[in-house]
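Positions are given from 1, in the same order as the sequence printed here. Being a predicted model, the structure only gives us computed values, none of them experimental.
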Amino acid sequence: MTGDSFSFNQYNSVEDWGMMVVATDVLLPPKRRRKITIPGRSGAYDFGARNWEERTIRLTCTLMRQMSKGEFREIVYALSKKGRLRLWNEPGKFYVAELYDPSEVQDFYLETAREFELAFTAEPFAYGPTVTTHITNGRNALAYKGTAETPCVIVLKNTSAADVMNVTITATKRRE
């Protein structure tokens with residue numbers, strides 16, 4: 001991917017639109033608080049936070065290509081849907097993101113450039129590629145390279161003419 005760019009669905013910000021970006025992300029998405037205050041007791045009772053809120057990914061954009069307001073609206077339309085957001089500095093990962101809050105756009109003289117901020121609201125964690133592994137008889141180690149608990153989808157497909165019998169699936173959690 002081109003440096004200092006992002007891709008959203010099928011569009012790349014630099015290659016398709018002439019738009020360079022500076023990305024600001026959070027260290028972690030915020031944890032969902034599970035606390036209750038009890039009258040007459042100091043502090044709060046903490047049930048333990050196990051889940052995460054959505055994250056905000058801010059992209060400070062500079063559109064370097066001269067274009068009319070109508071051409072710029074086509075970019076805005078492409079960004080108005082929910083989709084896969086990829087950043088140049090995270091190869092192989094993507095976020096499921098959407099724009100909710102509009103941004104002010106600063107137009108420069110004769111529409112030679114525009115500056116604005118995109119604040120994408122994204123699911124808490126980045127996604128990696130889907131892994132397809134052929135299994136054999138016996139133990140089959142599957143490498144999970146994620147940093148957060150995630151649901152798993154296992155699809156078993158019998159590619160032979162013989163019936164499959166005695167299939168056992170054992171789930172193993174990551175060791176801390």
Side-chain angles (χ1 to χ4, degrees), residues 1 3-13 19-62 75-106 115-135 138-157 166-176:
M1 181 182 297
D4 300 321
S5 74
F6 71 93
S7 290
F8 190 69
N9 292 328
Q10 74 267 27
Y11 299 101
N12 178 272
S13 66
M19 183 188 311
M20 302 291 287
V21 299
V22 175
T24 304
D25 196 358
V26 292
L27 182 64
L28 287 169
K31 275 194 173 179
R32 187 173 302 144
R33 297 180 191 277
R34 295 182 55 221
K35 295 182 179 188
I36 187 171
T37 55
I38 301 169
R41 182 177 182 267
S42 298
Y45 184 78
D46 187 353
F47 292 96
R50 292 178 303 202
N51 300 100
W52 304 87
E53 298 292 350
E54 295 173 316
R55 77 186 311 129
T56 301
I57 300 171
R58 294 187 193 290
L59 303 177
T60 304
C61 303
T62 303
I75 295 173
V76 173
Y77 177 72
L79 294 170
S80 69
K81 301 167 180 58
K82 187 174 194 169
R84 290 185 176 194
L85 174 65
R86 298 175 194 277
L87 302 174
W88 82 96
N89 58 0
E90 286 190 285
K93 301 286 185 196
F94 68 90
Y95 295 91
V96 176
E98 190 168 6
L99 291 171
Y100 285 96
D101 300 318
S103 170
E104 290 183 350
V105 178
Q106 184 176 6
E115 288 184 352
F116 53 93
E117 183 177 270
L118 300 173
F120 282 97
T121 300
E123 292 179 6
F125 298 104
Y127 290 88
T130 300
V131 177
T132 302
T133 304
H134 295 282
I135 60 172
R139 297 190 89 144
N140 292 266
L142 303 175
Y144 172 66
K145 297 181 182 179
T147 56
E149 283 191 35
T150 182
C152 178
V153 176
I154 298 174
V155 178
L156 297 176
K157 183 178 179 183
N166 300 324
V167 174
T168 303
I169 297 173
T170 305
T172 306
K173 291 192 175 232
R174 177 180 169 162
R175 293 184 189 153
E176 295 298 323

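Annotation for E53 and P124: closest pair O-CG, 3.3 Å, computed over non-hydrogen atoms. Here the shortest heavy-atom pairing between P129 and G92 reads CD-O, 3.5 Å. Taking every heavy atom of both residues into account, W88 and G3 meet most closely at CD1-CA, 3.9 Å.
Shown here is K157, whose NZ atom has no more than 12 heavy atoms of other residues, nucleotides or ligands within 6.0 Å. Within 6.0 Å of the CZ atom in F47, the count of heavy atoms belonging to other residues, nucleotides or ligands exceeds 12. Crowding of R41 atom CZ: a count of heavy atoms from other residues, nucleotides or ligands under 6.0 Å exceeding 12. A 6.0 Å sphere centred on CD of Q10 holds more than 12 heavy atoms belonging to other residues, nucleotides or ligands. Few gaps surround NZ on K93; more than 12 heavy atoms of other groups in view lie less than 6.0 Å from it. Other residues, nucleotides and ligands place more than 12 heavy atoms under 6.0 Å from the CZ atom of R34.
Distance check, rounded to the nearest 0.5 Å: SG of C61 to CD of E117 gives 8.0 Å. Between atom OG1 of residue T37 and atom OH of residue Y45 there is a gap of 14.0 Å, rounded to the nearest 0.5 Å. For the atom pair CD of E90 and CG of L85, the computed distance is 9.0 Å after rounding to the nearest 0.5 Å.
Looking at L59 and L87, their side chains come closer than 4.5 Å, going by heavy atoms from C-beta outward. Residues T121 and E98 have side chains not in contact (no heavy-atom distance under 4.5 Å, counting atoms from C-beta outward). Contact of the L79 side chain with the Y11 side chain is not registered, since no non-hydrogen atoms from C-beta on lie closer than 4.5 Å. Looking at T56 and F120, their side chains never come closer than 4.5 Å, going by heavy atoms from C-beta outward. For the pair F8/L99, no side-chain contact is recorded, criterion being any heavy-atom separation below 4.5 Å from C-beta on.
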For this session: Assess whether side chain to side chain contact (heavy atoms under 4.5 Å, CB included) is satisfied between D25 and Y95, documenting all intermediate values.
Result: CA-CA 12 Å; D25 196 358; Y95 295 91; 3.6 Å; yes
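At distances below 3.5 Å, at least one donor-acceptor pair connects side-chain atoms of N9 with backbone N or O atoms of R84. Proximity of a side-chain donor or acceptor of S13 to a complementary backbone N or O of F6 within less than 3.5 Å is detected. Proximity of a side-chain donor or acceptor of R55 to a complementary backbone N or O of V26 within less than 3.5 Å is detected.
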